[in-house]
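Below: the structure, in structure tokens.
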Amino acid sequence: MNNRLLAKVSLLIIVLFTLSFNWPVENGRLTSTFGESRGDHFHDGIDLVSADDIIRPAADGTVMYFWDKSFFPLDNEPGGGNFTIIQHEGDVCSVYMHIAVGTISASGKQLAVIGNSGH
């Protein structure tokens, strides 16, 4: 995929995401984009930072799965580190990775704290 097409697809994904979901951080900024080259692979997500480090769910939903090193200390830590998967209306899921501390609530309040877990 050439860079121009990749940029258009990335922009389309961001536009569709922002039309149907809430941004998961307040006053945050994008630090890495989807499809960005990482040398040996392409980044398959987006990275965000915010001043308060609070992550909110993109929309209400049900926590389908979560993994946290503190609950599974003997497991090998996955590349995404601590993560939570939320299922929203219409079988759409959102995934929150590299989080520091998470909860098992997917209401509009705090879902997790931005972290640097994983690889």
Side-chain angles (χ1 to χ4, degrees):
M1 188 179 292
N2 67 35
N3 288 341
R4 187 177 225 171
L5 180 58
L6 182 60
K8 288 179 181 179
V9 169
S10 296
L11 183 59
L12 179 62
I13 289 169
I14 290 170
V15 167
L16 291 174
F17 179 79
T18 58
L19 288 176
S20 56
F21 290 104
N22 297 314
W23 201 240
V25 295
E26 286 187 13
N27 299 317
R29 80 184 156 85
L30 189 67
T31 58
S32 294
T33 59
F34 180 84
E36 179 179 286
S37 176
R38 296 289 174 97
D40 63 341
H41 68 284
F42 290 101
H43 191 230
D44 56 359
I46 60 172
D47 293 340
L48 304 168
V49 296
S50 79
D52 66 4
D53 286 342
I54 294 174
I55 303 170
R56 292 158 186 85
D60 287 343
T62 303
V63 174
M64 299 305 293
Y65 186 82
F66 76 97
W67 190 92
D68 189 306
K69 182 75 170 173
S70 64
F71 290 109
F72 307 103
L74 301 178
D75 284 1
N76 289 327
E77 187 172 41
N82 300 334
F83 67 94
T84 299
I85 300 172
I86 298 177
Q87 182 175 357
H88 307 284
E89 188 176 327
D91 293 331
V92 173
C93 292
S94 57
V95 181
Y96 307 83
M97 303 180 98
H98 303 297
I99 59 180
V101 177
T103 67
I104 55 171
S105 170
S107 67
K109 306 220 184 240
Q110 180 173 335
L111 170 71
V113 174
I114 292 175
N116 194 23
S117 62
H119 310 290

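All values reported here derive from a predicted model rather than from experimental measurement. FYI, the numbering just counts along the sequence from 1.
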Practice problem: Provide the full list of salt bridge (Lys or Arg N to Asp or Glu O under 4.0 Å) pairs with a residue in residues 78-98, sequence neighbours left out, each pair given once. | Solution: none
Quiz item: So, for Val113 and Ile55, which heavy atoms are closest and what is the spacing to 0.1 Å?
Solution: C-CD1, 4.0 Å
Self-check item: Pairing residues for Ser70 by the side chain to side chain donor-acceptor pair (under 3.5 Å) criterion, not counting sequence neighbours
Solution: Asp68
Quiz item: At what distance, to the nearest 0.5 angstrom, does OG1 of Thr62 lie from CD1 of Ile86?
Solution: 9.0 Å
Exercise. Report yes if the side chains of Pro24 and Leu111 come closer than 4.5 Å at any heavy-atom pair, otherwise no.
Key: no
Exercise. Not counting sequence neighbours, which residues clear side chain to side chain contact (heavy atoms under 4.5 Å, CB included) with Ile54? List them please.
Key: Asp52, Arg56, Gln110
Self-check item: Pair listing, salt bridge (Lys or Arg N to Asp or Glu O under 4.0 Å) test, anchored in residues 39-51, at least two apart
Solution: Arg38-Asp47
Practice problem: Could you pull out all residues at least two apart from Val92 that satisfy side chain to side chain contact (heavy atoms under 4.5 Å, CB included)? | Solution: Phe21
Practice problem: Mind checking salt bridge (Lys or Arg N to Asp or Glu O under 4.0 Å) for Asp53 and listing every partner two or more places apart, or none if nothing turns up? | Solution: none
Self-check item: ring pair (Phe, Tyr, Trp, His ring centres under 6.0 Å) contacts in which one or both residues fall within residues 42-61, not counting sequence neighbours
Solution: none
Quiz item: Do side-chain atoms of Ser117 reach the backbone of Asn82 as a donor and acceptor pair under 3.5 angstrom?
Solution: yes
Quiz item: Could you walk me through whether Ile114 and Ile99 pass the side-chain contact (heavy atoms from CB on, under 4.5 Å) check?
Solution: CA-CA 5 Å; Ile114 292 175; Ile99 59 180; over 6 Å; no
Exercise. Just jot down the ring pair (Phe, Tyr, Trp, His ring centres under 6.0 Å) partners of Tyr65, sequence neighbours excluded, or say none.
Key: Phe83
Quiz item: In chain order, what residues pass the side chain to side chain contact (heavy atoms under 4.5 Å, CB included) check against Asp75, with sequence neighbours excluded?
Solution: Trp67, Phe72
Self-check item: Which residues share a ring pair (Phe, Tyr, Trp, His ring centres under 6.0 Å) with Phe34, sequence neighbours left out
Solution: none
Quiz item: Who are the side chain to side chain donor-acceptor pair (under 3.5 Å) partners of His98, not counting sequence neighbours?
Solution: none
